[in-house]
Q: 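To start, I am sharing the structure in question, which I have written as structure tokens.
Just follow the structure's listing: the first ligand is 1, and inside any ligand the first atom is 1. Throughout, numbering of the chain's residues begins at 1 and tracks the sequence. Here the structure is a predicted model, which is why all the values come from computation and not from measurement.
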Amino acid sequence: MKGWAVSSGISSEAWFNEALYPDWGQRFKVVKELVHKRSPFQDIRIFESSSHGRVLVLDGIIQITERDEFIYQEMLAHVPLFMHPHPKRVLIIGAGDGGVLRRVLQHKTVEKAVMVEIDGDVIELSKQHLPMFGKDAWDDPRADVIVGDGIDYVKKADDGAFDVIIVDSTDPIGVGDVLFTDDFYKNCARILSDEGIIVNQCGVPFQQADELRETTARRAKFFPHVTAYLAAVPTYVGGFMTLGMAKKGTAPHKLELATLQKRAQESEIAESCQYWTPEVHIASFSLPPYIAQNLPRS
Ligand code: SAM
């Protein structure tokens, strides 16, 4: 969906109209605009809505809302971390609102979580206006938060330095584009350990099928296993959101429900989840044909 430019903003009646698709979209009734700032990288807007609580918008596109963030964040963080046999070192790219960092640090097995976000303003404004996402994760001694470009970080990182990489980025336009390239995935494969897993947002296939198709085809060059799983996120309009997964070592579908249930019990995380469960985890890899057709034949 590269290069579509449609106007977004808050109308005189105080409605925010999202600018993702030129001919279709969602709108939010705005109670109060909290901040609107142009950073060196993008246009940042945070407002209080009457329907979804606080909302973060980058370059006119909805990134996250207080009301449905749990769906996306739980599935982006818990699926790879419960799939990996012993995830200790995690790299998070993007995710400046802090929600993924918090979910990753819920896992007691995690000894180190490095988060690389290109835009320091997103982090500072999220701490100020969206504290409910990161909560105390920012102060966790296991967290190492770096302001920088994700592609530079993966190029410099050591071979096998991480067990799981979570890419919570904007779409493949503007600053996020580099995170959907061969160079990025080649380096991610190099810095992941034997059973290493990378996941990233791959868009809503009903509207953005090329994002899933292109991303998966690229990763298939560097990883033995590529697949995707689903999450139904109301404010990522257009039906299922896909989260792309690439993995080294054992194939993802080999994971048994009983193994997941045991890991969930030991972790004491499931009680805090509103979306992720071992059963939802397994089911989320069952893709309807209109989505599965975008993946390389296995
Ligand atoms: N969940 C949202 C989505 O699916 O659209 C993404 C939310 S998160 C706030 C996206 C973050 O990725 C932004 O804060 C943005 O600054 C960051 N980002 C974009 N390109 C980046 C890059 N090359 N390196 C690191 N962070 C990047």
Q: Please tabulate, for the side chains in residues 217-227, all donor-acceptor contacts under 3.5 angstrom to protein atoms that are two or more places apart in sequence or on a different chain.
A:
from, atom 1, to, atom 2, distance (Å)
Arg218, NE, Phe180, O, 3.0
Arg218, NH1, Asp182, OD1, 2.8
Arg219, NH1, Asn200, OD1, 3.0
Arg219, NH2, Asn200, OD1, 3.4
Lys221, NZ, Asp182, OD1, 3.3
Lys221, NZ, Asp182, OD2, 2.7
His225, NE2, Gly249, O, 2.7

Q: Could you give all pairs that pass the salt bridge (charged side-chain N to carboxylate O under 4.0 Å, His left out) test and reach residues 156-170, with sequence neighbours left out?
A: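 Those involving residues 156-170 are Arg89-Asp163, Asp159-Arg190.
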
Q: Return each pair, listed once, that meets salt bridge (charged side-chain N to carboxylate O under 4.0 Å, His left out) where at least one residue sits in residues 272-290; pairs must be two or more places apart or across chains.
A: none

Q: Are the side chain of Glu33 and the backbone of Phe47 linked by a donor-acceptor contact shorter than 3.5 Å?
A: no

Q: Glu195 and salt bridge (Lys or Arg N to Asp or Glu O under 4.0 Å): which single residue from Lys88, Lys247, Lys254, Lys248 fits?
A: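 Only match with Glu195 under salt bridge (Lys or Arg N to Asp or Glu O under 4.0 Å): Lys247.
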
Q: Does a side chain donor of either Asp121 or Gln42 reach within less than 3.5 Å of an acceptor in the other side chain?
A: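 Asp121 vs Gln42: no donor-acceptor pair found between side chains.
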
Q: Pairs of nitrogen or oxygen atoms, one from ligand 1 and one from the protein, closer than 3.5 Å: please tabulate them with distances.
A:
from, atom 1, to, atom 2, distance (Å)
ligand 1, 1 (N), Gln63, O, 3.4
ligand 1, 1 (N), Tyr72, OH, 3.4
ligand 1, 1 (N), Asp168, OD1, 3.0
ligand 1, 1 (N), Tyr236, OH, 2.9
ligand 1, 4 (O), Tyr72, OH, 3.4
ligand 1, 5 (O), Gln63, OE1, 3.3
ligand 1, 14 (O), Glu117, OE1, 2.7
ligand 1, 14 (O), Glu117, OE2, 3.2
ligand 1, 16 (O), Gln42, NE2, 2.9
ligand 1, 16 (O), Glu117, OE2, 2.6
ligand 1, 20 (N), Val175, O, 3.3
ligand 1, 23 (N), Asp149, OD1, 2.9
ligand 1, 23 (N), Val175, O, 3.1
ligand 1, 24 (N), Gly150, N, 2.9
ligand 1, 26 (N), Ile118, N, 3.2

